[in-house]
Chemist: 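Structure in structure tokens, see below.
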Amino acid sequence: MRLPAEWEPQGFVQLTWPHRDSLWYEVEKVQECYTRIVSAILRYEPVLMVCRDRSETVEDLKRCGLEDVSGIRFVEAPINDTWARDHGGISVFGDDGKKYVLDFVFNGWGLKFASDFDNQITRRVFDAGAFNASYRDMRPYVLEGGSIDTDGAGTLLTTSECLLSLNRNEYLSKEEIEERLKSAFGLSRILWIEHGGIAGDDTDSHVDILARFCSYDTIAYTACEDPKDENYAPLKAMEEQLKSFRTLEGNPYKLIPLPLPEPLYLDDYRLPASYANFLIINGAVLMPGAGSPLDDVAASRLQEAFPDRKVEVIDCRPLLSGHGGLHCVTMNYPAGF
């Protein structure tokens with residue numbers, strides 16, 4: 001098996017539509033945000049939309065300004081929530097050239113939230129004929145797509161806080177978890193981030209808000225320069241550990257610091273905004289904007305990391321009310337899938 005990098009050629013991106021009766025705060029604004037994301041993706045590749053009701057979803061999309069839905073394939077399914085990165089299937093290539101969609105257990109980020117419907121989505125999408133790949137049931141192993149990132153060449157980046165947390169795979173030791181990951185994804189090694197975290201995050205430190213591969217030898221990461229910020233100490237500790245990581249050839253990674261967005265709150269709850277929650281697609285990088293001058297700083301630094309792609313900033317502040325971002329609501333699939 002080989003787990004491909006996100007910058008490899010893609011076939012489509014999956015999202016799960018926030019229906020009108022969902023638990024989202026100000027769902028109309030969230031739908032408008034989703035439509036901005038879908039519109040941007042459609043300029044580069046098709047979209048697979050999982051939704052409760054196709055006609056209702058088309059009506060919502062058109063109300064939010066997307067008239068042409070011809071590039072979207074709709075699959076109806078019951079849903080709990082809309083975080084496709086975590087309930088979506090994970091794509092791998094086999095040595096024999098075959099393609100596989102791995103369906104891990106999604107248990108609501110360690111049994112924090114209901115997930116009985118979302119855990120069935122990948123199987124339902126497969127049964128609907130949306131995948132040109134073989135289905136592989138990975139039960140009982142729990143894994144969310146937002147908790148891992150790869151260079152496509154055998155190295156996985158993840159966090160100890162998430163993968164070793166209680167209520168996911170607590171019956172396994174760290175060594176056993178490593179063995180399962182290496183077997184499933186054809187990995188040669190795992191880089192464990194032992195520090196880091198952003199206030200307001202309820203995923204137990206998903207790596208896709210902390211540090212991301214931009215290429216085989218480049219990592220972009222969330223940085224905090226304000227000692228008074230509650231995120232300063234854990235993010236500084238993560239930064240020091242990232243400096244110690246080496247490529248397979250023994251060289252230090254090129255590290256690109258992305259500023260921590262200025263604090264955003266819902267009532268008195270700090271929201272987990274992060275520019276590291278970007279989505280790589282064919283020809284572009286979509287970065288979540290936070291309505292701050294720091295958006296331009298982060299976009300400029302990401303443009304350095306992706307000189308052959310256009311960095312587009314999408315205002316994703318409505319998604320923060322659900323404690324997530326742009327990468328969290330999408331799942332990309334490689335070309336041919």
Side-chain angles (χ1 to χ4, degrees), residues 85 109 144 146-149 157-165 191-215 217-246 252-280 285-306 311 313-329:
R85 181 62 51 176
W109 306 281
E144 300 118 40
S147 70
I148 59 173
D149 199 63
L157 190 63
T158 191
T159 69
S160 297
E161 183 176 348
C162 182
L163 264 62
L164 305 183
S165 69
L191 298 177
W192 292 90
I193 296 176
E194 306 290 349
H195 310 281
I198 295 178
D201 170 43
D202 50 21
T203 67
D204 302 309
S205 294
H206 270 189
V207 76
D208 70 351
I209 66 170
L210 295 174
R212 303 281 306 284
F213 281 113
C214 300
S215 67
D217 62 355
T218 303
I219 296 174
Y221 68 98
T222 301
C224 180
E225 301 303 329
D226 181 5
K228 297 180 182 179
D229 193 300
E230 60 191 309
N231 295 306
Y232 178 80
L235 290 178
K236 273 297 180 183
M238 181 185 73
E239 182 179 59
E240 290 305 310
Q241 188 178 15
L242 291 174
K243 290 177 181 178
S244 72
F245 286 162
R246 296 293 182 268
Y253 284 97
K254 178 182 179 182
L255 299 178
I256 298 179
L258 302 177
L260 183 70
E262 295 167 346
L264 294 169
Y265 293 89
L266 181 60
D267 296 327
D268 59 352
Y269 187 91
R270 183 166 179 176
L271 301 173
S274 169
Y275 295 121
N277 203 241
F278 56 83
L279 174 70
I280 308 170
V285 176
L286 307 183
M287 190 196 83
S292 162
L294 292 175
D295 292 2
D296 293 335
V297 176
S300 176
R301 293 179 183 178
L302 276 181
Q303 193 64 74
E304 293 179 27
F306 297 98
V311 175
V313 180
I314 300 175
D315 185 350
C316 288
R317 282 175 288 178
L319 301 183
L320 290 172
S321 68
H323 306 169
L326 199 159
H327 195 254
C328 303
V329 299

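As a basis for the values below, the full set of heavy atoms in this structure was taken, side chains included, without hydrogen atoms, waters or symmetry mates.
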Chemist: Is there a donor-acceptor contact under 3.5 Å from the side chain of E161 to the main chain of S205?
Modeler: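 Side chain of E161 to backbone of S205, a donor-acceptor pair under 3.5 Å: no, none is there.
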
Chemist: Tell me every residue that passes ring-ring contact (aromatic ring centres under 6.0 Å, His included) with F213, counting only those two or more places apart in sequence or in another chain.
Modeler: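 Scan of F213 (ring-ring contact (aromatic ring centres under 6.0 Å, His included), adjacent residues dropped) gives Y253.
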
Chemist: Let me confirm one number: the OG1-CG distance from T158 to L191, rounded to the nearest 0.5 Å.
Modeler: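 Spacing of OG1 (T158) from CG (L191) equals 10.0 Å.
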
Chemist: Tell me every residue that passes side-chain contact (heavy atoms from CB on, under 4.5 Å) with C328, counting only those two or more places apart in sequence or in another chain.
Modeler: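 Scan of C328 (side-chain contact (heavy atoms from CB on, under 4.5 Å), adjacent residues dropped) gives W83, D208, N277.
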
Chemist: To check you understand the geometry: which heavy-atom pair defines the closest contact between N231 and A199, and what is its length?
Modeler: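 Result for this residue pair: OD1-N, 2.8 Å.
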
Chemist: Could you pull out all residues at least two apart from S160 that satisfy side-chain hydrogen bond (donor to acceptor under 3.5 Å, both in side chains)?
Modeler: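 For S160, the residues satisfying side-chain hydrogen bond (donor to acceptor under 3.5 Å, both in side chains) (neighbours in sequence not counted) are E194.
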
Chemist: How would you list, by chain and number, every residue that makes a side-chain hydrogen bond (donor to acceptor under 3.5 Å, both in side chains) with E225, sequence neighbours excluded?
Modeler: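 Once residues adjacent in sequence are excluded, the partners of E225 under the side-chain hydrogen bond (donor to acceptor under 3.5 Å, both in side chains) criterion are K236.
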
Chemist: When rounded to the nearest 0.5 angstrom, what distance separates OG in S292 from OH in Y275?
Modeler: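 Taking OG in S292 and OH in Y275, the distance rounds to 4.5 Å.
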
Chemist: Looking at R317 and D315, is there a salt bridge between them, counting it only when a charged N and a carboxylate O are closer than 4.0 Å?
Modeler: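 Salt bridge between D315 and R317, a charged N being under 4.0 Å from a carboxylate O: yes.
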
Chemist: Any cation-pi pair here, R212 with F278, using under 6.0 Å and within 45°?
Modeler: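 Yes, a cation-pi geometry holds between R212 and F278.
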
Chemist: Return yes if some donor-acceptor pair links the side-chain N/O of T218 with the main-chain N/O of S215 below 3.5 Å, else return no.
Modeler: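 Checked: no pair found.
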
Chemist: What pairs with T222 under side-chain contact (heavy atoms from CB on, under 4.5 Å), at least two apart in sequence or on another chain?
Modeler: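 Residues passing side-chain contact (heavy atoms from CB on, under 4.5 Å) with T222: I198, L235, L260, S274, A276.
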
Chemist: Nearest 0.5 Å, please: how far is CD1 in I193 from OG1 in T159?
Modeler: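 One gets 7.0 Å once the value is rounded to the nearest 0.5 Å.
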
Chemist: Tell me every residue that passes side-chain contact (heavy atoms from CB on, under 4.5 Å) with P234, counting only those two or more places apart in sequence or in another chain.
Modeler: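 Here no residue qualifies.
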
Chemist: Taking it one step at a time, do H206 and L210 satisfy side chain to side chain contact (heavy atoms under 4.5 Å, CB included)?
Modeler: CA-CA 7 Å; H206 270 189; L210 295 174; over 6 Å; no

Chemist: Who pairs with R301 by salt bridge (Lys or Arg N to Asp or Glu O under 4.0 Å), at least two apart in sequence or on another chain?
Modeler: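 Partners of R301 under the salt bridge (Lys or Arg N to Asp or Glu O under 4.0 Å) test: none.
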
Chemist: According to the salt bridge (Lys or Arg N to Asp or Glu O under 4.0 Å) rule, which pairs have a member within residues 252-272, sequence neighbours left out?
Modeler: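 Every salt bridge (Lys or Arg N to Asp or Glu O under 4.0 Å) pair that includes a residue of residues 252-272, provided the two are not neighbours, is D229-R270, E230-R270.
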
Chemist: CG/L258 to CD1/I209 distance, rounded to the nearest 0.5 angstrom?
Modeler: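 Here the interatomic distance stands at 12.5 Å.
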
Chemist: Looking only at non-hydrogen atoms, find the nearest pair between E144 and C162 and report the distance.
Modeler: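 Here E144 and C162 meet closest at OE1-SG, 4.0 Å.
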
Chemist: Could you tell me whether the side chain of S244 and the main chain of Q241 form a donor-acceptor pair under 3.5 Å?
Modeler: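 Yes; at least one donor-acceptor contact below 3.5 Å.
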
Chemist: For V329 and L319, run side chain to side chain contact (heavy atoms under 4.5 Å, CB included): C-alpha distance rounded to whole Å, both residues' side-chain angles, the deciding distance at 0.1 Å, then the answer.
Modeler: CA-CA 9 Å; V329 299; L319 301 183; 4.1 Å; yes

Chemist: Is the shortest heavy-atom distance from the side chain of I280 to the side chain of F306 under 4.5 Å?
Modeler: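 I280 reaches F306 side chain to side chain.
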
Chemist: Listed by chain and number, what are the side-chain hydrogen bond (donor to acceptor under 3.5 Å, both in side chains) partners of T203, not counting sequence neighbours?
Modeler: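 Once residues adjacent in sequence are excluded, the partners of T203 under the side-chain hydrogen bond (donor to acceptor under 3.5 Å, both in side chains) criterion are D201.
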
Chemist: Run the ring-ring contact (aromatic ring centres under 6.0 Å, His included) test against H323 and tell me which residues pass, sequence neighbours left out.
Modeler: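 ring-ring contact (aromatic ring centres under 6.0 Å, His included) check on H323 returns Y269.
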
Chemist: Assess the residue pair Y221 and L255 against the criterion (side chain to side chain contact (heavy atoms under 4.5 Å, CB included)); give the C-alpha distance rounded to whole Å, side-chain angles, the decisive distance to 0.1 Å, and a yes or no.
Modeler: CA-CA 7 Å; Y221 68 98; L255 299 178; 3.7 Å; yes

Chemist: How long is the gap from OG on S321 to CG on L264, to the nearest 0.5 Å?
Modeler: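 These two atoms lie 11.5 Å from each other.
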
Chemist: Kindly write out the residues that satisfy side-chain contact (heavy atoms from CB on, under 4.5 Å) with D296, not counting sequence neighbours, or none if the list is empty.
Modeler: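 Applying side-chain contact (heavy atoms from CB on, under 4.5 Å) to D296 gives none.
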
Chemist: Would you indicate whether the side-chain heavy atoms of L157 and W192 approach each other to under 4.5 Å?
Modeler: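 A side-chain contact is absent here, since even the closest heavy-atom pair is not under 4.5 Å.
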
Chemist: In chain order, what residues pass the side-chain hydrogen bond (donor to acceptor under 3.5 Å, both in side chains) check against K243, with sequence neighbours excluded?
Modeler: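 E240.
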
Chemist: Which heavy-atom pair separates I256 from A305 by the least distance, and what is that distance?
Modeler: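 Shortest heavy-atom separation between I256 and A305 comes out as CD1-CB, 3.3 Å.
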
Chemist: Working to the nearest 0.5 angstrom, can you tell me the gap between R85 CZ and H327 NE2?
Modeler: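 Those atoms lie 3.5 Å apart.
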
